[in-house]
Amino acid sequence: MAKTYLMKFVTDLKGRLDRIGGLPSHLPDSFPAGPNGEELAFLAQFECIAPRMERPGIKLIQIYQDPVGEPWPHAVTLGHDARENIEQAGLRHPDLSRYEIIWNEYEEPVEPFDWEGVEALSESEEGILQSAKAGGLCYLDSTINSDEQFLLQLPEGDLSTNKRIFGGLTLLVVLNSNGEVEALLG
């Protein structure tokens with residue numbers, strides 16, 4: 001059985017580092033820009049702590065996106081020395097409400113890449129595999145390469161928005177073969 005950490009989105013904002021929407025809690029060295037030089041909007045950030053998603057030297061993974069152009073996400077990693085965003089800098093995504101994330105540990109009934117086991121699951125169990133989470137089975141593993149490590153997935157439908165943030169797709173965050181954090185859509 002694989003351990004995973006399911007995301008629950010809450011509106012009781014208590015300053016949690018794990019969040020969707022709003023502004024980043026800490027500042028990257030520079031805000032990422034799109035192909036035309038426009039500043040990308042903040043989508044989410046995830047704290048890299050054990051046991052959920054420990055990454056040596058990384059405090060946070062932040063996700064940015066062009067709010068009016070192509071939905072391709074851009075991942076930025078911040079070290080433990082990242083400055084707090086006391087000046088509230090950055091660009092809010094106009095179509096995304098602010099949520100904080102509470103994590104719930106869950107034992108998946110299958111191991112990663114056990115697609116025969118997935119076929120034997122009930123519809124509700126399989127639905128959990130497709131939900132917003134860190135670790136465990138990547139439901140869209142055909143999107144990632146065999147030399148990439150799955151970190152988390154965030155389906156657009158879990159964001160409770162009427163707008164299409166990811167073009168109807170799921171955000172995947174992986175560690176690529178170069179050891180860099182990368183955001184993909186699948």
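In what follows, every heavy atom counts, from backbone to side chain, and hydrogens, waters and symmetry copies are set aside.
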Sub-4.5 Å side-chain heavy-atom contact between [X] and [Y]:
X	Y	answer
Leu17	Ile49	no
Arg98	Leu23	no
Val174	Ile144	yes
Tyr64	Pro24	yes
Asn36	Asp66	no
Phe46	Met53	yes
Glu180	Leu175	no
Leu172	Phe150	yes

Hydrophobic cluster membership, with links at side-chain heavy-atom distances under 4.5 Å among I/L/V/M/F/W/Y: are [X] and [Y] in one?
X	Y	value
Leu171	Leu96	yes
Phe166	Val173	yes
Leu151	Leu154	yes

**Asked** Can a salt bridge be assigned to the pair Glu108 and Lys3 using a cut-off of 4.0 Å between side-chain N and carboxylate O?
**Response**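 The answer is no: the pair does not qualify as a salt bridge.
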
Give, for atom [atom1] of [X] and atom [atom2] of [Y], the distance between the pair rounded to the nearest 0.5 Å.
X	Y	atom1	atom2	result
Cys48	Ile61	SG	CD1	3.5 Å
Ser177	Asn145	OG	CG	7.5 Å
Leu152	Ile101	CG	CD1	8.5 Å
Asn104	Tyr5	CG	OH	11.5 Å
Lys14	Arg19	NZ	CZ	14.0 Å
Leu121	Ile128	CG	CD1	9.5 Å

Check: [Y] main-chain N/O paired with [X] side-chain donor or acceptor under 3.5 Å:
X	Y	value
Glu39	Phe31	no
Asp18	Glu47	yes
Gln153	Leu129	yes
Thr4	Tyr106	no
Gln65	Ile165	yes

At their closest point, which heavy atom of Ala2 faces which heavy atom of Pro112, and how far apart are they?
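Result for this residue pair: CB-CD, 3.7 Å.
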
| said: Please check if the number of heavy atoms outside Glu116 that lie under 6.0 Å from its CD is greater than 12. | reply: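 At most 12 heavy atoms, drawn from other residues, nucleotides or ligands, come within 6.0 Å of this atom.
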
*Asn178 atom CG, over 12 foreign heavy atoms within 6.0 Å*: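 Yes.
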
Would you tabulate the side-chain donor-acceptor contacts of residues 71-83 under 3.5 Å, counting partners in other chains and residues two or more places apart, or write 'none'?
none

_Applying side-chain contact (heavy atoms from CB on, under 4.5 Å) to Ile63 and Phe42, what does each step give before you reach the verdict?_
CA-CA 6 Å; Ile63 309 296; Phe42 175 76; over 6 Å; no

- Any chance you could lay out the side-chain contact (heavy atoms from CB on, under 4.5 Å) test for Ile20 and Phe9, step after step, and finish with the verdict? CA-CA 8 Å; Ile20 304 289; Phe9 304 108; 3.5 Å; yes

Flag for Ser25-Gln45: side-chain donor and acceptor within less than 3.5 Å |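 Judged by distance alone, the side chains do pair up.
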
- Query: So, Glu148 versus Asn176: side-chain donor-acceptor pair below 3.5 Å or not?
  - Reply: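 No, Asn176 and Glu148 have no side-chain donor paired with an acceptor closer than 3.5 Å.
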
- Message: Run Leu185 and Thr170 through side-chain contact (heavy atoms from CB on, under 4.5 Å) and show every step you take.
- Response: CA-CA 5 Å; Leu185 291 178; Thr170 295; over 6 Å; no

side-chain contact (heavy atoms from CB on, under 4.5 Å) assessment of Leu169 paired with Glu156: CA-CA 6 Å; Leu169 301 173; Glu156 181 173 80; over 6 Å; no

